[in-house]
Amino acid sequence: MAAQQSDQFKKVIAHCKEYGFIYQSSEIYDNLSAVYDYGPYGVELKNNIKQYWWKAMVQMHDNIVGLDAAIFMHPKTWKASGHVDAFNDPLIDNKDSQKRYRADVLIEEYMEKIEKKIDKEVAKAGKRFGDAFDEQQFRETNDRVLRNQQKFDEARDRLAKAMTDGDMEELKNMILEYEIACPESGSRNWTDVRQFNLMFSTQLGNIAGEEGKLYLRPETAQGIFVNFLNVQKTTRQKLPFGIAQIGKAFRNEIVARQFIFRMREFEQMEMQFFVAPGEEMKWYEYWKEARMKWHKALGTPDEKLRFHDHDNLAHYANAAVDIQFDFPFGFKELEGIHSRTDFDLSQHQELSGKKMQYFDPEKQESYVPYVVETSIGCDRMFLTVMSQALQEETVPDAKGKDSTRTVLKIHPALAPIKCAVMPLLKNREELTSKATEIFNDLRFAFSCQYDEKDAIGRRYRRQDAIGTPYCITVDFDTLEDNTVTIRDRDTLEQERIPIDQIEKIVREKVSMKQLLKD
RNA sequence: GCGGAUGUAGCUCAGCUGGUAGAGCGCAACCUUGCCAAGGUUGAGGUCGCGGGUUCGAAUCUCGUCAUCCGCUCCA
């Protein structure tokens, strides 16, 4: 991370706080770790981001519909989705290197080593015996191979049992018995194995116990999957079709940092697209392109965005790609596009005993659809917008000298405040009353602000700092000919326009239409 | 969670070896001001992150705790 980029990140965080975009949660109680509140301008910007997504995904597609599922779901949901198992990481620390590892991964690596030993032995024997070599027979009879194979099998069985039983002590014992050393320090000075469950739990009813245990959803997708048939039937959708949802999700991250990039409570904007088996890769490619286009429409330069293929796929996916953004701390995942196969629906079908199938009228058969998912972090999108928007410029001041201008160059369609109305001077009643009149009319159309305090230049700069794209100024000419000046945030240029044209002109400039048109 | 650094006004910080808090900017009111962070006057704001301990006395020393930042791990 370059020092300059790090500076930019600090500036973004400070700006968010100072101008009412984002505050840390529970600040008066010394904050709650990795939880943030959106302030007055933050909530406007976030709502606009959500609206842009919803418009693009739901309202502009005939075959995508919306959903708002509850945060609480039946506990079996998370068994089916694999989160109960996959989100339980047994972790162990090496006291000397102070590195943290997943205990099960350490044991798996140990097993791999044994496997390699066996393969080496077999390869060696193969060379020795030449064409007459019978690998099967060698593996079944060679002493050294058999001994290693036995070790391997034992480790595999013990690991499997310990993982299903959640037996942390056994994992620790295995690491000690197998004399597994820290890859970094070579030391065998380990802490105990501790379980970290990434799901938050609470209980249903007021009696604590396993039966009533509920989880706060770690992803919004499952609310869509369990409602798949409800939505399909009530909206008479045919494959392919999608269900979109914006909502909160919760993960008890071990380390949650980097401002709103990784939070314990966060908001996802997800769309699950249901397709016929065999067509998933076609749609996977389609959504890859469509989602990238959505990002670029905001004016994000090409070099700030890239695709990044997943090296190891999650338990539910057969293809997965990230859209990464060049955050001030480097390229990081902003959105994921996953081909989730029929994993989720099949799992739910199995655990619930209810059919999760679609009857295809053309093929005259029923099947479990495949799913292609697009999933974007709303808060990360917010950070994306903020971190490119915040700029410092050198512009001439009233005396023609250089001064620094802090400006948020947010796309007008996303800007929290679309337009500010201000009288040139505040001690002239004829100016303030005219400006107030214009403001009171415009506020019906957009989020507007009225400001008469301080010098006009300062007021412009204040609007720059919160990203307001247009400022309307009422001056003495206004009283003569009913025109005002409209100032552009980015070019600083002013244009004279008639009062009755303000709404039309601003509306056009802040519309999402330009973002969504081809 | 582990290791390191940090925590004083809304913000950025000063406060030396312990003697009970300041600056700049910002904010509020009034005056002034004919277009890009102008000027003047007045004013509000801090039990120095929180809780113990040492001391006649702690923002300053010590322990604990909470939080933030930087590394390790994970992910939207």
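Naming convention: chains lettered A, B, ... in sequence-line order (proteins, then strands); numbering from 1 in each chain.
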Measure NZ/A/Lys453 against P/B/C31 and give the value in whole Å, please. 14 Å

Close side-chain approach of A/Phe273 to A/Tyr286, heavy-atom, < 4.5 Å: no

Please name the nucleotide paired to B/G26 by Watson-Crick or G-U wobble geometry with both distances under 3.5 Å, or report none. none

For the residue pair A/Tyr450 and A/Phe439, does the interplanar ring angle fall in the parallel (under 30°), tilted (30 to 60°) or perpendicular (over 60°) class? tilted

Which base sits across from B/C74 as a Watson-Crick or G-U pair, both distances under 3.5 Å? none

Roughly how many Å is it from CZ in A/Phe261 to C1' in B/C75, rounded to a whole number? 8 Å

Starting from P on B/A76, measure out to CZ on A/Phe266 and report it in whole angstrom. 8 Å

Per the glycosidic torsion and the 90° limit around 0, nucleotide B/G4 is anti

For A/Asp464, enumerate each residue passing the salt bridge (Lys or Arg N to Asp or Glu O under 4.0 Å) test, keeping only those at least two apart in sequence or located in another chain. A/Arg405, A/Arg487

Mind calculating the distance between CE (A/Met199) and P (B/A76) to the nearest angstrom? 14 Å

Anything under 30° is parallel, anything over 60° is perpendicular, the rest tilted; go ahead and classify A/Phe325 against A/Phe327. perpendicular

Start at the 5' end of RNA chain B and walk down; is the nucleotide closest to A/Lys332 or to A/Asn427 reached first? A/Asn427

Taking the C1' atom in each of B/G18 and B/A23, what is the distance between them to the nearest angstrom? 23 Å

In whole angstrom, give the distance that lies between atom CD of A/Gln24 and atom C1' of B/C66. 12 Å

Let me know, please, whether A/Tyr36 or A/Ala14 comes out on the 5' side of the other along RNA chain B by nearest nucleotide. A/Ala14

Given the C1' atoms of B/C63 and B/G22, what is the spacing between them in whole Å? 30 Å

Do A/Phe225 and A/Phe274 have side-chain heavy atoms sitting under 4.5 Å apart? yes

Do any side-chain atoms of residues 12-23 of chain A form donor-acceptor pairs under 3.5 angstrom with protein atoms, and if so which ones, sequence neighbours left out?
unit_1	atom_1	unit_2	atom_2	d
A/His15	NE2	A/Ala465	O	2.7

Across all strands shown, which nucleotide pairs with B/U68 by Watson-Crick or G-U wobble geometry, both distances under 3.5 Å? B/A5

How long is the line joining CD of A/Glu27 and P of B/U68, in whole Å? 11 Å

Letter by letter from the 5' end, nucleotides 34-46 of chain B scores (B base, S sugar-phosphate only, - none; protein heavy atoms under 4.0 Å) BBBBB--------

I'd like the C1' distance from B/U8 over to B/G4, given in whole Å. 23 Å

At under 4.0 Å between heavy atoms, what does A/Lys248 touch on the DNA or RNA strands: base, sugar-phosphate, or nothing? nothing

Can you identify which nucleotide, out of B/A76, B/A28, B/C69, has its nearest atom closest to the A/Arg262 side chain? B/A76

P-based separation of B/G53 from B/G71 [nearest Å]: 38 Å

Tell me which nucleotide, if any, is Watson-Crick or G-U wobble paired with B/A38 when both distances must be under 3.5 Å. none

Sequence neighbours excluded - side chain to side chain donor-acceptor pair (under 3.5 Å) pairs with any residue from residues 371-381 of chain A: A/Tyr38-A/Asp379, A/Glu270-A/Ser375, A/Gln272-A/Glu373, A/His338-A/Glu373, A/Arg340-A/Glu373

As its Watson-Crick or G-U partner within any shown strand, both distances under 3.5 Å, B/U33 has none

How far, in whole Å, is B/A14 from B/C66 if one measures between their C1' atoms? 26 Å

Strand partner of B/G51, provided both Watson-Crick or wobble distances fall under 3.5 Å: B/C63

For nucleotides 5-10 of chain B, tabulate all protein N/O to nucleotide N/O atom pairs closer than 3.5 Å, reporting atom names and distance.
none

Partner nucleotide of B/C56 by Watson-Crick or wobble geometry (both distances under 3.5 Å): B/G19

Measure NZ/A/Lys426 against C1'/B/U32 and give the value in whole Å, please. 10 Å

Compute whether any side-chain donor of one residue and acceptor of the other, for A/Gln51 and A/Lys55, lie under 3.5 angstrom apart. no

Is there a donor and acceptor pair, one atom on the side chain of A/Arg251 and one on the base of B/C75, closer than 3.5 Å? no

Taking the C1' atom of each, how far is B/C11 from B/G52, in whole Å? 32 Å

Nearest-angstrom distance, P atom, B/C25 to B/A37: 16 Å

Do the side chains of A/Ile410 and A/Leu45 get nearer than 4.5 Å, heavy atoms only? yes

Between A/His83 and A/Gln222, do the side chains contain an N or O donor and an N or O acceptor separated by less than 3.5 Å? no

Which heavy-atom pair separates A/Asp454 from A/Arg459 by the least distance, and what is that distance? O-NE, 3.0 Å

Holding to salt bridge (Lys or Arg N to Asp or Glu O under 4.0 Å), I want the full list of residues that pass it with A/Asp475, two or more places apart in sequence or in another chain. A/Arg496

Watson-Crick/G-U partner (both atom distances under 3.5 Å) of B/G45: none

Whole angstroms only, please: what is the CZ-P distance between A/Arg264 and B/C74? 16 Å

When the P atoms of B/C61 and B/G19 are compared, how many Å lie between them, rounded to an integer? 11 Å

